[in-house]
Chemist: 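The structure that follows is given in the form of structure tokens.
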Amino acid sequence: MTTARGAGVAPGAGSTSALDRYEAVIGIEVHCQLRTASKMFCGCSTDYDGAPPNSHVCPVCLGLPGTLPTINRRAVEHVLATGAAIGGTTPEATRWDRKNYFYPDLPKGYQISQFDLPLVSAGSLTFDTSDGPATVQIRRAHLEEDTAKLVHATTTEGRRVSLVDFNRSGAPLMEIVTEPDLRTGEQARRYAEELQLLLRSIGVSDADMERGQLRVEANVSLRPRGTEPFGIRTEVKNMNSFRAVERAIAFEVERQARALDAGETLAQETRGWSDDRGETYVMRSKEDSHDYRYFPEPDLPPLRVEPAWLAEIRRRLPELPAARRARYREALGLSAYDAEVLVSDPDAATLFEATLAADARLDATLDAKAVANWVTGEYLRLRNAAEGPISVGPGDLAHIVGQVAGGTISGANGKDVLAEHVATGRPAGEIIAARGFHQISDASEIDRVVDEVLAANPAAVADYAAGKAQAVGFLVGQVMKATRGQARAELVQSTLRARLDVPGDKVGG
């Protein structure tokens with residue numbers, strides 16, 4: 001591990017006793033499966049999820065003698081796009097290397113990767129933490145081929161066996177390596193979350209951790225506070241969620257601190273994370289790069305990146321998450337929370353943008369905050385409650401938000417209209433007309449319903465008089481129920497309080 005680059009990342013909140021005595025030095029390696037139709041060096045399909053074992057294979061990805069690899073252009077473009085998104089640099093020419101090691105999931109006995117000349121180097125990524133924004137420097141992003149998958153099973157006779165499924169072997173894999181700039185488990189988690197969002201936003205990967213498309217590994221070491229030399233590092237693997245990343249690093253910091261305090265010598269090793277036990281465990285000793293005996297791949301020529309090709313890839317980049325969050329806050333006036341929720345959910349952000357665009361076509365003036373509230377509130381509630389994907393017409397949502405904002409229908413009625421639109425696909429305007437929705441803003445009509453509700457609920461009136469303020473919420477609900485949700489909510493509130501705050505013998509009129 002090289003000397004820290006000083007990214008200005010402050011230690012996280014909630015320092016433990018270990019972090020009072022030691023400074024954690026953390027670097028993150030992320031392996032990301034790229035979104036391509038075929039594998040890295042052959043034409044086998046990458047659509048192998050759920051397929052029978054060893055059904056998406058050929059002589060190339062099985063590593064049979066006499067085969068030659070062919071570079072997947074789309075995979076290269078995905079890495080170059082990632083480099084452009086993180087502000088990295090790309091050399092005029094890069095090369096492929098053989099990374100030699102022997103393991104059952106590596107049929108050739110070596111992996112085609114990149115060592116000295118990666119496609120991308122010297123980028124950075126900024127992300128939010130509980131202590132504010134932090135930036136991590138990214139050392140490199142390079143291409144390689146994925147390994148096969150080992151399946152550990154028990155036979156009917158009770159014997160433990162290990163089987164190999166080569167469907168994944170040779171799939172295009174991007175490795176992204178940071179400098180050791182991180183200091184806490186929270187920072188590591190937030191970096192991984194922001195990187196996942198970035199990769200999804202630019203379309204290079206689905207980056208689903210549960211499906212193994214994004215694998216996060218952490219290199220963790222400790223040094224006494226105020227010192228420069230790095231300690232002995234441990235690599236932590238098998239972290240299958242962002243929460244696991246934070247928990248595993250926090251555990252490893254405490255484990256190493258206890259060992260150092262006891263005068264023990266730490267070993268450079270690879271450890272796995274057990275989510276059930278909440279602890280790391282030894283897997284094997286940790287190799288250094290020279291242990292892999294890298295040498296240039298003789299079957300592939302150097303890869304030259306033409307400036308025009310790189311410029312076109314940069315031109316095609318969409319708006320990046322950080323820029324979109326800033327635009328939502330600065331140009332549209334959204335809160336940092338609303339901007340974060342929208343940008344973190346591509347479907348929600350798409351609906352938000354499309355609803356504002358539909359509103360503009362209607363020559364209306366919907367408030368962006370109101371649209372954001374409907375998307376992050378009702379839309380996400382309906383989507384999360386559904387068993388499958390849901391569809392909301394941006395024009396229909398714009399119509400609902402506009403009708404509620406204009407006082408034509410109540411907020412409760414608007415929610416009913418959106419739910420029916422999702423369930424049936426009927427236009428929002430048609431639903432409003434068919435159900436006869438309109439907002440009751442006539443004070444005399446609301447006065448009448450309020451008097452009826454108060455007369456029918458003397459116990460709630462008595463509760464309010466006894467100081468139970470929550471009784472108002474119950475009474476508001478009864479008024480909204482009596483008016484089928486069409487009463488203007490703020491008028492109901494003010495009318496009820498005016499009635500309830502007069503002497504008891506006058507309540508109800």
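None of the values given here were measured: they were computed from a predicted structure. For the single chain, residues carry numbers from 1 onward in sequence order.
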Chemist: For atom CD of Glu387, decide whether the heavy atoms of other residues, nucleotides or ligands shown that lie under 6.0 angstrom number more than 12.
Modeler: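 Count not over threshold, so no.
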
Chemist: Near Glu92 CD, under 6.0 Å, is it more than 12 heavy atoms from other residues, nucleotides or ligands?
Modeler: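 No, not enclosed.
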
Chemist: Say you draw a straight line from CD of Glu246 to CZ of Arg190; how long is it, rounded to the nearest 0.5 Å?
Modeler: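 Spacing of CD (Glu246) from CZ (Arg190) equals 6.5 Å.
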
Chemist: Compare every heavy atom of Thr46 with every heavy atom of Pro172, then report the nearest pair and how far apart it is.
Modeler: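 In terms of heavy atoms, the two residues are closest at CD-CG2, 4.2 Å.
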
Chemist: With a cut-off of 6.0 Å (strictly less than), are more than 12 heavy atoms of other residues, nucleotides or ligands near CZ of Arg316?
Modeler: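 Above 12, so yes.
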
Chemist: State, yes or no, whether a side-chain contact exists between Leu125 and Leu198 at a heavy-atom distance under 4.5 Å.
Modeler: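 Counting from C-beta outward, Leu125 and Leu198 do come under 4.5 Å.
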
Chemist: Start with the C-alpha gap between Thr82 and Val120, add the side-chain angles, then the distance that decides, and say whether side-chain contact (heavy atoms from CB on, under 4.5 Å) holds.
Modeler: CA-CA 8 Å; Thr82 302; Val120 174; 6.0 Å; no

Chemist: Would you find a donor on one side and an acceptor on the other, under 3.5 Å apart, between the side chain of Asp105 and the backbone of Thr147?
Modeler: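 Checked: no pair found.
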
Chemist: Going from SG on Cys32 to CG on Asp206, what distance comes out if it is rounded to the nearest 0.5 angstrom?
Modeler: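 With rounding to 0.5 Å, SG (Cys32) is 9.0 Å from CG (Asp206).
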
Chemist: Counting heavy atoms not belonging to Tyr281, are there more than 12 under 6.0 Å from its OH?
Modeler: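 Result for OH/Tyr281: enclosed.
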
Chemist: What are the two closest non-hydrogen atoms of Thr90 and Leu119, and how far apart are they?
Modeler: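 Heavy atoms only, the tightest pair is OG1-O, 3.0 Å.
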
Chemist: Rounded to the nearest 0.5 Å, what's the gap from NZ on Lys237 to NE2 on His31? Could you check?
Modeler: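 Output value for this atom pair is 6.5 Å.
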
Chemist: Less than 4.5 Å apart, side chain to side chain, heavy atoms only: is that true for Ile202 and Pro318?
Modeler: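 Touching, per the 4.5 Å side-chain cut-off.
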
Chemist: Using a 4.5 Å cut-off on heavy atoms from C-beta on, say whether the side chain of Tyr101 contacts that of Gln111.
Modeler: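 Yes. Closest side-chain heavy atoms under 4.5 Å.
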
Chemist: Working to the nearest 0.5 Å, report the span between CZ of Arg21 and CZ of Arg225.
Modeler: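 If I round to the nearest 0.5 Å, the distance is 11.0 Å.
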
Chemist: Is there side-chain contact between Arg383 and Asp347, with heavy atoms separated by less than 4.5 Å?
Modeler: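 Arg383 vs Asp347: side chains touch.
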
Chemist: Keeping Thr270 on the side-chain end and Glu235 on the backbone end, is there a donor-acceptor pair under 3.5 Å?
Modeler: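 Here the side-chain-to-backbone pair does not exist.
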
Chemist: Between Gln137 and Ala122, is there a donor-acceptor pair closer than 3.5 Å when you use the side chain of the first and the backbone of the second?
Modeler: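 Checked: no pair found.
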
Chemist: For Asp116 and Asp97, work out which heavy atoms get closest and say how close.
Modeler: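 Looks like N-OD2, 3.9 Å.
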
Chemist: Could you check if a side-chain atom of Val161 sits within less than 4.5 angstrom of a side-chain atom of His152, using non-hydrogen atoms only?
Modeler: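 Sidechains of His152 and Val161: no contact.
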
Chemist: Within a strict 4.5 Å, meaning less than it, do heavy atoms of the Lys108 and Arg98 side chains meet?
Modeler: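 Not touching, per the 4.5 Å side-chain cut-off.
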
Chemist: Using the side-chain contact (heavy atoms from CB on, under 4.5 Å) rule, take Thr70 and Val60 through it: C-alpha gap first, then chi angles, then the decisive distance, then the call.
Modeler: CA-CA 9 Å; Thr70 303; Val60 174; over 6 Å; no

Chemist: If the threshold is 4.0 Å, N to carboxylate O, is there a salt bridge linking Glu217 and Arg215?
Modeler: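 Judged by the 4.0 Å cut-off on N to carboxylate O distance, Glu217 and Arg215 do not form a salt bridge.
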
Chemist: Hey, does Ile138 have a side-chain heavy atom less than 4.5 Å from the side chain of Tyr191?
Modeler: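 Tyr191 reaches Ile138 side chain to side chain.
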
Chemist: With a 6.0 Å cut-off (strictly less than), is the heavy-atom count around OH of Tyr103, excluding the residue itself, greater than 12?
Modeler: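 12 or below, so no.
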
Chemist: Under 3.5 Å, side chain of Arg211 to main-chain N/O of Asp49, donor-acceptor pair present?
Modeler: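 Checking the backbone N and O of Asp49 against the side chain of Arg211, no donor-acceptor pair under 3.5 Å is found.
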
Chemist: Look at the side chain of His78 and the backbone N and O of Arg35, then say whether any donor-acceptor pair between them is shorter than 3.5 Å.
Modeler: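 Side chain of His78 to backbone of Arg35, a donor-acceptor pair under 3.5 Å: yes, one is there.
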
Chemist: Is the backbone of Cys61 close enough, under 3.5 Å, to the side chain of Ser169 for a donor and an acceptor to pair up by distance?
Modeler: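 Such a contact is found between Ser169 side chain and Cys61 backbone.
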
Chemist: Looking at CH2 of Trp374 and OG1 of Thr355, how far apart are the two atoms once the value is rounded to the nearest 0.5 Å?
Modeler: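 Here the rounded value is 11.5 Å.
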
Chemist: What's the verdict on side-chain hydrogen bond (donor to acceptor under 3.5 Å, both in side chains) for Glu353 and Tyr328, showing C-alpha distance, side-chain angles and the deciding distance?
Modeler: CA-CA 10 Å; Glu353 298 269 6; Tyr328 283 178; 2.7 Å; yes

Chemist: Go through Phe127 and Val136 one step at a time and tell me if the side-chain contact (heavy atoms from CB on, under 4.5 Å) criterion holds.
Modeler: CA-CA 8 Å; Phe127 50 95; Val136 64; 3.9 Å; yes

Chemist: Could you walk me through whether Thr154 and Arg160 pass the side-chain hydrogen bond (donor to acceptor under 3.5 Å, both in side chains) test, one step at a time?
Modeler: CA-CA 5 Å; Thr154 303; Arg160 292 287 293 166; 3.0 Å; yes

Chemist: If the test is side-chain contact (heavy atoms from CB on, under 4.5 Å), which one of Val25, Leu222, Asn219, Ile26 qualifies with Arg233?
Modeler: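 Passing option: Asn219.
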
Chemist: Checking Arg223 side chain against Glu228 main chain: does a donor-acceptor pair fall under 3.5 Å?
Modeler: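 Between the backbone of Glu228 and the side chain of Arg223 there is a qualifying donor-acceptor contact (under 3.5 Å).
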
Chemist: Determine, step by step, whether Val220 and Phe251 satisfy the side-chain contact (heavy atoms from CB on, under 4.5 Å) criterion, reporting the C-alpha distance in whole Å, the side-chain angles of both residues, the deciding distance to 0.1 Å, and the verdict.
Modeler: CA-CA 11 Å; Val220 183; Phe251 174 87; over 6 Å; no

Chemist: Assign the ring pair Tyr48 / His56 to parallel, tilted or perpendicular, where the plane angle (0 to 90°) is split at 30° and 60°.
Modeler: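 Geometry flag for His56 against Tyr48: perpendicular rings.
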
Chemist: Flag yes if more than 12 heavy atoms outside Arg243 fall under 6.0 Å of its CZ atom; otherwise flag no.
Modeler: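 12 or below, so no.
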
Chemist: I'd like to know if Glu297 and Arg95 make a salt bridge, using a cut-off of under 4.0 Å between side-chain N and carboxylate O.
Modeler: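 The answer is no: the pair does not qualify as a salt bridge.
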
Chemist: Could you walk me through whether Thr184 and Glu186 satisfy the side-chain hydrogen bond (donor to acceptor under 3.5 Å, both in side chains) test, starting with their C-alpha distance in whole Å, then the side-chain angles of each, then the deciding distance to 0.1 Å, before giving a yes or no?
Modeler: CA-CA 5 Å; Thr184 68; Glu186 186 215 349; 4.8 Å; no

Chemist: Looking at every non-hydrogen atom in both residues, tell me the closest pair between Ala148 and Val164 and how far apart they are.
Modeler: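 Minimum heavy-atom separation between Ala148 and Val164: CB-CG1, 3.7 Å.
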
Chemist: Could you point out which residue of Arg258, Glu254, Glu252 forms a side-chain hydrogen bond (donor to acceptor under 3.5 Å, both in side chains) with Gln256?
Modeler: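 Checked Arg258, Glu254, Glu252 against Gln256; only one passes side-chain hydrogen bond (donor to acceptor under 3.5 Å, both in side chains): Glu252.
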
Chemist: Please round to the nearest 0.5 Å and tell me the distance separating atom CZ of Arg327 and atom CG of Leu332.
Modeler: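 Separation between the atoms: 6.0 Å.
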
Chemist: Looking at every non-hydrogen atom in both residues, tell me the closest pair between Leu320 and Ala85 and how far apart they are.
Modeler: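 For Leu320 and Ala85, the tightest heavy-atom pair comes out as CD1-O, 3.6 Å.
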
Chemist: Is there a donor-acceptor pair under 3.5 Å between the side chain of Gln196 and the backbone N or O of Ala207?
Modeler: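 Yes, the answer is positive, given that a donor and an acceptor are paired below the 3.5 Å cut-off.
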
Chemist: So, Lys39 side chain and Asn167 main chain: donor-acceptor pair closer than 3.5 Å or not?
Modeler: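 Yes.
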
Chemist: Would you check if Ser124 and Glu179 make a side-chain contact, meaning some heavy-atom pair closer than 4.5 Å?
Modeler: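 The answer is no, as the side chains (C-beta and beyond) never meet within the 4.5 Å cut-off.
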
Chemist: Would you find a donor on one side and an acceptor on the other, under 3.5 Å apart, between the side chain of His421 and the backbone of Leu397?
Modeler: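 Looks like no, no N/O pair under 3.5 Å.
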
Chemist: Of the non-hydrogen atoms in Leu418 and Tyr379, which two are nearest, and what is the gap between them?
Modeler: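 Nearest pair, atom of Leu418 first, then Tyr379: CD2-N, 4.3 Å.
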
